[in-house]
Number of protein chains: 2
Amino acid sequence: MFSIEQLQAFVATVEAGSFSAAARGLSKAQSVISQHIINLEIDCNATLFERTGRYPQLTEAGKQLLPQAKAVLNQHQRLTNSALALNEKTPTEITIALDEGIPFKTIASIISKLQSKYPYVSLEFLSASSHDIIDMLNSEKLITGIIFSELNIPSYLDYECIGTVKFDLYVAKSHPLAGIRCENMDGLRLHRQLLLRSRNTQTSSFQLKISPEIWYADNYFVLLELAIQGNGWCLLPNHVALDAVQSGELVKLPLEFEEMGWLANVDVLQHQRHSNQKVFKALRSVLRGLL
Amino acid sequence: MFSIEQLQAFVATVEAGSFSAAARGLSKAQSVISQHIINLEIDCNATLFERTGRYPQLTEAGKQLLPQAKAVLNQHQRLTNSALALNEKTPTEITIALDEGIPFKTIASIISKLQSKYPYVSLEFLSASSHDIIDMLNSEKLITGIIFSELNIPSYLDYECIGTVKFDLYVAKSHPLAGIRCENMDGLRLHRQLLLRSRNTQTSSFQLKISPEIWYADNYFVLLELAIQGNGWCLLPNHVALDAVQSGELVKLPLEFEEMGWLANVDVLQHQRHSNQKVFKALRSVLRGLL
DNA sequence: TAAACATATCGCTTTTCCCGATACTAAGTA
DNA sequence: TACTTAGTATCGGGAAAAGCGATATGTTTA
């Protein structure tokens, strides 16, 4: 019977690179890890690590077993989180963080729907970058976050897609690009690009650098203003650009080649430890109708 | 730290109805189960069972924890299966069981594609009902099965959908129903229905009894023959009926109301213990192009 | 060759695990 | 009501294991 401790020793060894390092990481004696791995190998009737060199190397069998072991540990972590959640009461205040660029005009509708069910819960909204939101969820300063889909969401966060936001390329009406039809990407490279970069300097996966000359801003409304003033072209969520387009200050870039705009998926994230609570299920359910 | 033994005791208790019954099921002393549950409750800081009556009743907290505990055990079982699979060699013979009603004409194409990669593997095909196939997979007399999607596939079987088969209602050209357009289901009830029933008498979820008068057969080709001879109307996979339709013996029922035929999903099933082996992955990959 | 870092093994102690016995409780039955 | 049956909690003791530190030994690197 594989025990959780054995599996932890196994996965920790793979991640730390050696039995000793795994032991340090798990605050155990090195001999304990060694024994766990040996027992695991006996149970599997297979060698999991090649021990010729200084550092143990995963064998083929080890590679096959690793994802299964991780899956058990993930599920075990989820169980632990659920158990912790059993002792929590419905919170009196819920903080919802939104990635900049997600339309919040319609969010007022959440309040009424959720308040009818949970009249004593107060809501607080704040705006932050995806990375900051994930950090806050991680440290449990925050329980619900709404961000554009990121590839790497930590396994202790639950998420579900609640809709999409359309992005397009925009430029000021007075800008040279507004008059011509670009036949390929090179047309864009000749002009300055306006790009989002959040405080922690990591640009998001869909904020691609295309032009060699780039100006950065840390939120979409500054980008919008820069674009309106003719400082360059820019990828913006449609709802951010809407007013300026209607007033004629901004135009969608006329493009010959492939459609450059796209639909960004919007996810709602919650820490596993809380995502099963009724009030948060209700919140997610309400959010699903948001976009 | 929740141990696997604790979780097994917990789930077994829920399933067996009492600590004692769980102990018998797990071949342990009753006091062991009792202790496991008590420790679990201490770890959770919550009562999992109400012990007022003779039999323990799950509390709200217990209900919340149960699915998580089951998930951990499922994942643990999967790990065990993977570990067992490490000691297995590529088989020399693969038996593939097909639900009756799945077109096997195109299956010849599998042979060539798989043989080019695994020239020493021989293939054997056999035909059986979905239930028999699941039984055989269960007892590991068989490793790969192809059936119409069933709602209840045991958790130790892996499955993936490889396509669909279209079913329609057919009747002999000479049959009274062939001449009229039924406006509703009642038109069908006036005539005998021909229905599939496999040997173990369980009818599949999409073999619905509609008419009060039914004749049964245990495979689609007997049904086809009965239908051609004008004995009633019948739901058949299109590929089974094709020849008879082309020769003019059989016609698709002319229906006024909703389209009665539908697409049945076809799944390939494999036992977890084997589904990670290369040759079976290759087999599934080939099967995906089948329908 | 020495220093630094690894792993396996061996006693040894501490802890856990499991069983059986026992006392007690709940529900059904004569 | 008393008896039977089925259940749970707790206790003590023996067996098993888990964990630790010490030690012998192997591998890299400087």
Side-chain angles (χ1 to χ4, degrees), chain A residues 1-59 61-63 65-66 69 72-73 76 80 83, chain B residues 1-59 61-63 65-66 69 72-73 76 80 83:
Chain A
M1 169 90 90
F2 303 103
S3 75
I4 298 294
E5 286 81 4
Q6 283 173 355
L7 300 179
Q8 282 177 335
F10 175 50
V11 172
T13 299
V14 173
E15 286 174 356
S18 76
F19 294 180
S20 305
R24 287 190 294 272
L26 295 173
S27 306
K28 302 258 161 86
Q30 171 265 323
S31 60
V32 173
I33 306 299
S34 182
Q35 246 341 109
H36 274 320
I37 302 292
I38 288 170
N39 289 337
L40 210 53
E41 290 178 322
I42 291 170
D43 287 354
C44 295
N45 188 32
T47 306
L48 299 177
F49 292 99
E50 195 63 54
R51 288 140 162 113
T52 51
R54 188 203 294 231
Y55 296 100
Q57 299 289 319
L58 264 186
T59 60
K63 281 179 195 160
L65 219 59
L66 182 61
V72 174
L73 292 181
H76 190 261
T80 306
Chain B
M1 170 89 90
F2 303 102
S3 74
I4 298 296
E5 285 82 4
Q6 284 174 353
L7 300 179
Q8 283 178 336
F10 176 50
V11 173
T13 299
V14 174
E15 286 173 355
S18 77
F19 296 179
S20 306
R24 288 190 293 274
L26 296 174
S27 306
K28 301 262 161 82
Q30 172 264 324
S31 60
V32 173
I33 305 300
S34 182
Q35 252 331 116
H36 274 320
I37 302 291
I38 288 170
N39 290 336
L40 210 52
E41 289 179 321
I42 291 170
D43 288 353
C44 294
N45 189 32
T47 307
L48 299 177
F49 291 99
E50 194 63 53
R51 287 136 162 117
T52 52
R54 186 198 301 229
Y55 297 100
Q57 298 290 320
L58 263 186
T59 60
K63 281 178 195 160
L65 218 60
L66 181 60
V72 175
L73 293 181
H76 190 261
T80 306

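Each chain gets a letter, A, B and so on, in the order the sequences are listed, and its residues count up from 1. These figures come from a predicted structure and were not determined experimentally.
- Heavy atoms of A/Ser20 sit under 4.0 angstrom from at least one base atom.
- At the phosphate of C/dA8, OP1 or OP2 sits under 4.0 Å from a side-chain N or O atom of A/Arg51.
- Residue-level contact check: A/Arg54 touches the bases, meaning some heavy atom is under 4.0 Å from a base atom.
- Taking the six-membered ring where the residue is Trp, the centroids of A/Phe49 and A/Phe10 are separated by under 6.0 Å.
- Of the residues near DNA chain C, B/Lys28 and B/Gly53, the one whose nearest nucleotide (by heavy atom distance) lies more toward the 5' end is B/Lys28.
- Along DNA chain D, the nucleotide nearest to A/Ser27 and the one nearest to A/Tyr55 differ in position, and the one closer to the 5' end is contacted by A/Ser27.
- Counting to the nearest Å, the C1' atom of C/dT16 and the CG atom of B/Asn39 are 10 Å from each other.
- C/dC17 atom P lies 14 Å from atom CD1 of B/Ile37, rounded to whole Å.
- Using a distance-only test at 3.5 Å, with no hydrogens or angles considered, a donor-acceptor pair links the side chain of B/His76 to the main chain of A/Phe2.
- As a whole-Å value, the separation of A/Gln30 CD from C/dT9 P is 11 Å.
- Put simply, A/Ser34 has no side-chain N or O that comes within less than 4.0 Å of OP1 or OP2 on C/dT7.
- Phosphate contact (OP1/OP2 of C/dA6, side-chain N/O of A/Arg24, threshold under 4.0 Å): present.
- Closest approach to the B/Ser31 side chain among D/dT8, C/dC19, C/dT7 is made by C/dC19 (side chain taken as heavy atoms from C-beta onward).
- In this structure, OG1 on A/Thr13 lies 10.0 Å from CG on A/Leu48, to the nearest 0.5 angstrom.
- Side-chain nitrogen and oxygen atoms of A/His36 include none within less than 4.0 Å of the OP1 or OP2 phosphate oxygen of D/dA18.
- No donor-acceptor pair closer than 3.5 Å links the side chain of A/Gln30 to the backbone N or O of A/Ala23.
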